Structure formats: structure tokens, C-alpha cells
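Side chains included, hydrogens not; waters and symmetry mates left out as well; all remaining heavy atoms used. It should be emphasised that the depicted structure is a prediction, and the values quoted were computed from it without experimental measurement.
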Amino acid sequence: MDSGKSHEEPIFPTMSSFSREASAGTFLPVSRSLPLTFNNDAADSDSVSEAGDTGDRSLQRRHSTGATLSPLNSASVTKPFPADITKCPLPTEFLLSPEGKEEEPVLPKSLEYISCLTHLAVFGILGAVTRYMLQKLFGPTVAQVTSDGTILYLDLPANMVGSFLMGWFGVVFKADITRVSEFLAIGLSTGYLGSLTTFSGWNQKMLDLSADGEWLYAVLGFLFGLFLAAYSIILGVETAKGFRWLLRRRVSSEEKKNSCLKGNTYKRHMMSMVFMLTLLMAFLIVSTTELVKEFDKGTSKAQLWLGCLVAAPGVWIRWFLARLNGRGLGKDGQYLRWVPFGTIIANVAAASVMAALATLKKSVETTTCNTVASGIQFGLLGCLSTVSTFMAEFNAMRESDYPWRAYAYASFTIAVSFAVGTIIYSAPVGL
């Protein structure tokens, strides 16, 4: 594509066009990149393995190159972006910096880490609370759609909703959100949606079925859950693309068409960080107070409040592990660069520890042990593992030049998690 030629944007851009927007406006690439002039396989591997998250590598690249981020793979050369690729669909004059005013400096690296961790913690707690509410809404006590003893496991609605929203806020509109605040984009995709969904909870319910001798239901539960989550993110992407098209149709003036969000200023970042720190302290105080009231009762509310207290470390660990996505193996990472190792480690580790805690609960049948173990399972491990990021990576691989990688990635993650969990969980229980 010649940069000198005009580029007419289609009414419904392809999935890769939205991915290019996200890559241009954010330091968290979400899907396939533009066609390459050379080294297409390496760049394709980078883009799909980093579709969900890259962790704190984004901050390292940001400060190593200044305010403008360099491409992930310096050896790969992409074709120029279309001239109108950074246009925003909404009029945003109230967020624009005055014309001609120089860009304010970014936060120091230490403050950026603090801001990222705070956003991740706040949105992670909100995601865990939303997951709890969806469990109760669709569970046996209200709608009676999901239960512990069927392939319609308790966290299925949360995984579907989170995957659907990932298509909106983690793929199509991620670049626009990043222009408002890079930390908000991280908080929404990695924090909220990553914690709203849980891979370890899904794996544990299938382990419970297999431990009861329902191996067929366990296999069907994995297949059914993967199918629904995969099509949830596809539906999210397609509906978001349609909504984005409607927004662009409503833009009437050329000035509005060329408006771009520029909320990434020093002052706004500082205000956002202070607000998030205040909100986080309020959440922790409320959770601690309510936990003290409910702990001795051993209710699900006690597990919820304990889960809120330990949710943040789970999100932080997953975010730091995401730095391994796109790194590959061997010298200079030339092998298996398409594999998101960070996400795999987070999901498998959370599923394994959850199986160990489930074994502990069955061995030590006390109210205190059940409350503590269940709270850690729900909060720490539920937020450490994720289905929304898993599905974003799966969908990016499925739409890449090598779609078989998506199914290999999903099969490997599920098989390893289930096998390790079976060894830890099922064998001791049967003794």
C-alpha cells in the first residue's frame, strides 16, 4: 500500500483494521497487524501472542522510546497507516488540548507503575464482584440456569459476558479508550474483564465432574464452554464494529471527524491516580469491615469479601506474567513466538493451586478452612486466571494466517490444566 495514495475506509472494517487502530493508539496490541513487506510470520506471531496483554513491557517500551512507542518487533517493517486511521468516531472537543499547545510530559516511570497497579486493583475488585453477582443471578438460587453439577458451571455466564465485552473494549474500542487514558484501557481489559472471567473456576468445575465419575460431562463442559466463550467474543467484535459504524455516520463536520482524544496528560493522570488510590482504600476498608462481620458465619458473603481483599495480587501477578507473551523460546525468542506463555502460566498455575485448595477443603472440613480457601479461590486465583484474554488471543490466532494455532493453544492450555489438576485433586480425594 503506497502511503501517497488515498485510502477509502470500508463501512464495516475488517477485524485486522480495528487491530491496526489499536496498535496505533495503544501500547497494548490486540490483534493482527498490517500486512508486512517482509518477515510476515514473525510479525504475525508477535501480534497474536500479544493480542490480550503485554504486561509491564508496555511501560518499559514507553520510557525507552519517549512518549511515542516503537514497534514491538524492530526487525519487522509494516506498511504505512492510512491517513485517517486515528480519527475518532465521537466529537471530543472537550477533551482536546488547545491547538498548538505542546504535549504535557508523561508520568515518571515509578508513578506509571503505581497508576497501573492501582487501576488494575480497583478494576480487578469490580470484576470479581461482578462475577459473584452473575453467579448468584444465574445460579440455583435465582434463575436456576447454572449449577455445580452440570456442564453449565457457575462461572459460565461471567465468562461469556466478559468475552463479549472484551470484543468491545479490548479490541474494537481499545484504541479510543487508550486516547482518553492508557491506564483506563489497562484497567478495563486486564483488570476488569480479566477478573470478571476465570479459567481456574471453569477448570475446577470440570475436575469436580470427573472426580464424581462424570468424565463425559467434563469433556463436554470444556468443549461447550470454549464454544460459547469463543462465539461471545466474536459477537462482541461484530456488534462493536456495527455500533462504531453508526457513530461514524453521525459525525457531521470535518472538524469532528478529525478530532482525537488526548486525555493522556500529566495533570489528568495524576488526578486519576489519586482518585483510584482513594477508591482502592475505600474498597479495602469496606471489604475488611464486612469480612469481620461475616467470617464466623462461613457464608458466601464472607468468601466474597475475602476474595475482594486478595483480588489485587492475582491481577498484578497476571499482568507481570503477561510480559512473557510474544517473547518466544531460544536465542532471541525465535521459537514459538506466537505462544502467549504468560497467559498459559497464569491459567495453569491458578488452576493447579485451586485444585490443591479444593483438596484441602475436603481434607480439613471446618468452616474457617472452607471460608479462607474459598475466598482465595474466588479472589486471588479467580483474578489470576482469565478467559477474556484467553479468548482474545484465541480469536486473534483464529483470524491469523495460521488458524490452527488457535486450537492448538486452547487444547494445550485445557489439557495441561486438567491433567495437572487431576493429579493434584482427584487422586488424593479418592484415597
Side-chain angles (χ1 to χ4, degrees), residues 117-142 146 148 153-159 161-162 187 190-205 207-208 276 279-319 346-347 349-362 364 366-389 421:
L117 294 176
T118 306
H119 279 74
L120 288 169
V122 170
F123 281 100
I125 293 173
L126 292 175
V129 172
T130 306
R131 173 157 40 94
Y132 176 85
M133 294 174 63
L134 289 174
Q135 285 181 355
K136 294 300 181 183
L137 177 61
F138 291 95
T141 57
V142 183
T146 61
D148 284 333
Y153 57 97
L154 288 177
D155 291 317
L156 179 60
N159 287 345
V161 171
T190 304
Y192 181 73
L193 298 178
S195 301
L196 170 59
T197 61
T198 172
F199 179 85
S200 57
W202 174 21
N203 183 77
Q204 186 58 43
K205 297 309 176 184
L207 282 175
D208 291 338
M276 284 294 171
L279 202 57
L280 177 59
M281 292 302 299
F283 283 167
L284 295 179
I285 292 173
V286 171
S287 298
T288 302
T289 304
E290 293 298 322
L291 176 61
V292 171
K293 295 179 181 178
E294 299 288 338
F295 187 82
D296 292 334
K297 301 177 183 178
T299 62
S300 61
K301 289 184 179 180
Q303 299 169 11
L304 167 65
W305 298 121
L306 177 58
C308 290
L309 290 175
V310 298
V315 184
W316 294 338
I317 294 171
R318 172 161 49 85
W319 184 63
N347 282 340
S352 301
V353 177
M354 182 170 284
L357 288 176
T359 303
L360 179 64
K361 287 194 298 182
K362 291 195 174 186
V364 184
T366 63
T367 301
T368 300
C369 178
N370 183 73
T371 300
V372 173
S374 297
I376 294 175
Q377 286 178 319
F378 175 80
L380 177 66
L381 303 178
C383 294
L384 172 58
S385 64
T386 176
V387 170
S388 59
T389 303

**Student:** Looking only at heavy atoms, which two atoms of Gln377 and Met354 are closest? And how far apart?
**Tutor:** NE2-O, 3.0 Å
**Student:** So that I can tick it off, tell me whether Asp148 and Lys205 are bridged by a salt bridge, with the cut-off set at under 4.0 angstrom between side-chain N and carboxylate O.
**Tutor:** yes
**Student:** Taking the side chain from Arg318 and the backbone from Thr190, do they hold a donor-acceptor pair closer than 3.5 Å?
**Tutor:** yes
**Student:** At their closest point, which heavy atom of Trp305 faces which heavy atom of Ser287, and how far apart are they?
**Tutor:** CB-O, 3.6 Å
**Student:** Between Thr198 and Arg131, is there a side-chain heavy-atom distance shorter than 4.5 Å?
**Tutor:** yes
**Student:** Any side-chain donor paired with an acceptor under 3.5 Å for Lys361 and Ser374?
**Tutor:** yes
**Student:** Just how far is it from atom CD1 of Ile376 to atom CG of Leu309, taken to the nearest 0.5 Å?
**Tutor:** 11.0 Å
**Student:** Are any of the side-chain heavy atoms of Leu126 and Phe283 separated by less than 4.5 Å?
**Tutor:** yes
**Student:** Trp202 vs Tyr153 aromatic rings, parallel, tilted or perpendicular, using cut-offs 30° and 60°?
**Tutor:** parallel
**Student:** When you check the side-chain N and O atoms of Thr371 and Gln303, is any donor under 3.5 Å from an acceptor?
**Tutor:** no
**Student:** Taking C-beta and beyond as the side chain, do Ser195 and Thr386 meet within less than 4.5 Å on heavy atoms?
**Tutor:** no
**Student:** To the closest 0.5 Å, what do you measure between NE2 (His119) and CE (Met276)?
**Tutor:** 4.0 Å
**Student:** Nearest heavy-atom pair of Ala158 and Leu134: which atoms, and what distance?
**Tutor:** CA-CD1, 3.6 Å
**Student:** So Cys383 and Val310, do their side chains get closer than 4.5 Å, heavy atoms only?
**Tutor:** no
**Student:** Check whether any side-chain heavy atom of Leu306 sits under 4.5 Å from a side-chain heavy atom of Phe378, and report yes or no.
**Tutor:** no
**Student:** Got a donor-acceptor contact below 3.5 angstrom from the Ser388 side chain to the Thr197 backbone?
**Tutor:** no
**Student:** Do Thr130 side-chain atoms and Leu196 backbone N/O form a donor-acceptor pair below 3.5 Å?
**Tutor:** no
**Student:** With a 3.5 Å distance limit and no angle check, can you tell me whether Glu294 reaches the backbone of Lys301 through a side-chain donor-acceptor pair?
**Tutor:** no
**Student:** Report yes if the side chains of Asn347 and Ser200 come closer than 4.5 Å at any heavy-atom pair, otherwise no.
**Tutor:** no
**Student:** Just checking, is any N or O donor in the side chain of Thr368 or Thr366 under 3.5 Å from an acceptor N or O on the other one?
**Tutor:** no
**Student:** Please give me the minimum heavy-atom distance between Gly201 and Asp155, naming the atom from each residue.
**Tutor:** CA-OD2, 3.8 Å
**Student:** What is the minimum heavy-atom distance between Leu154 and Pro140, and which atoms define it?
**Tutor:** CD2-CD, 4.0 Å
**Student:** Measure the spacing between CG of Leu357 and CD of Gln204 and express it to the nearest 0.5 Å.
**Tutor:** 9.0 Å
**Student:** Starting at CG of Leu193, measure out to CG of Asn159 and round the result to the nearest 0.5 Å.
**Tutor:** 11.5 Å
**Student:** Is it true that a side-chain atom of Ser385 and a backbone atom of Phe199 form a donor plus acceptor pair closer than 3.5 Å?
**Tutor:** yes
**Student:** Quick one: does Thr146's side chain have a donor or acceptor within less than 3.5 Å of a partner on Phe138's backbone?
**Tutor:** yes
**Student:** Within a strict 4.5 Å, meaning less than it, do heavy atoms of the Ile125 and Leu280 side chains meet?
**Tutor:** yes
**Student:** Side chains of Lys136 and Met133: does their closest heavy-atom pair fall under 4.5 Å?
**Tutor:** no
